[in-house]
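Okay, so here's the structure we're looking at.
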Amino acid sequence: MPWVTRGLRNGILTSRYPARPDGYHDNWQGSVVVGPAQPGTPAAAIAARCPTGAISAGEGETATPALDQGKCILCGRCVLEGPGTFSFAPSPEVARRSRAGLVVPPTEETEAAVASARADLARRVRALGRSVHVRHVDAGSDGSDEWEVAALLGPIYDVHRLGIFFTASPRHADLLLVTGAGSAGMVRPLSVTYDAMPEPRVVVAVGTDAISGGLVSPSYASSGGVCDVVPVDVWVPGSPPSPFSILHGILLAIGRLPSGRVGR
Ligand code: SF4
């Protein structure tokens, strides 16, 4: 019986995201962003020390560097060594509809690519009904992304309230959620799973490993992300991404973000 009194004492803990603000959601540091280069900040030296090669230093000391969030594992080294230029951004809404959209600061070409991807995805998911079924495939993950995916089914995130259900069969799935770096042994199973899904189908790559291979690529065992195996529609960076980031990616993919929040 103690769970009854504990439940009454705690009340409802389920998040109302995305309909209402969520304190935990708003304080999550989900990505690293780049500001103007600061005099004395050695961007080239910091770029050389980034463990995944996510930073490209610009020409000259004052040029703004570029950072590929699809390669970033959020280790924080650049924020520590160049705090005027690199900083954590307080939001888990980091999913993007185009791979180019993960590079900051954005360029005009990036904005055009994102607009085109948004229109294409909106057209394809129009036929999806009120509930969406998700098939998750671990394509060579270290296990961390799976903890965050599993949390979506717990009482805090409870994705069933949004009509999102996980299914064991690709035949019943609308959305393919892929984690892991795309290890050689998982290339065929992943491809077979995608082929077995009915149209319309969308693919969400979850985590830096799935997007670019992360720390473990390139290697003899990894193809450096899953985009060469399946056509990715939405990219969710993070190592691992927060459950809120994964949920944001799913909602972005199926066009279910609240009106006025179209996402990038
Ligand atoms: S936080 Fe990301 S961009 Fe910065 S050094 Fe670490 S991996 Fe590289």
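FYI, side chains are in, hydrogens and waters are out, and symmetry mates aren't considered; it's all heavy atoms of this structure. Whatever order the structure lists them in is the order used to number ligands and atoms, beginning at 1.
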| message | Given the ring of Phe166, does Arg135 sit roughly above its face, with NZ or CZ under 6.0 Å from the centre of the six-membered ring and within 45° of the axis? | response |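 Ring-cation test returns no.
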Within a strict 4.5 Å, meaning less than it, do heavy atoms of the [X] and [Y] side chains meet?
X	Y	answer
Val134	Ile164	yes
Val137	Leu177	no
Val204	Leu176	no

| field | ligand 1-proximal atoms of Leu67, by part, heavy-atom distance under 4.0 Å | value |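 It is the side chain that gets close, since no backbone atom is under 4.0 Å.
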| Got a donor-acceptor contact below 3.5 angstrom from the Thr208 side chain to the Lys71 backbone? |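 No: the side chain of Thr208 does not pair with the backbone of Lys71.
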| request: Under 2.8 Å from atom 6 (Fe) of ligand 1, which protein N, O or S atoms are there? Could you list them by chain and number? | output: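 Checking every protein N, O and S atom gives Cys75 SG.
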| task | Would you mind checking if Asp68 and Arg99 are paired as a salt bridge, meaning a charged N to carboxylate O distance below 4.0 Å? | result |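 A salt bridge is present here (some side-chain N lies under 4.0 Å from a carboxylate O).
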| Knowing that exactly one of Cys78, Cys75, Cys50 qualifies, which makes a side chain to side chain contact (heavy atoms under 4.5 Å, CB included) with Val32? |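 Of all the options given, the one that passes is Cys78.
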| Atom indices of ligand 1 within 4.0 angstrom of Ile55 heavy atoms, with elements |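 Here the atoms of ligand 1 in question are 3 (S).
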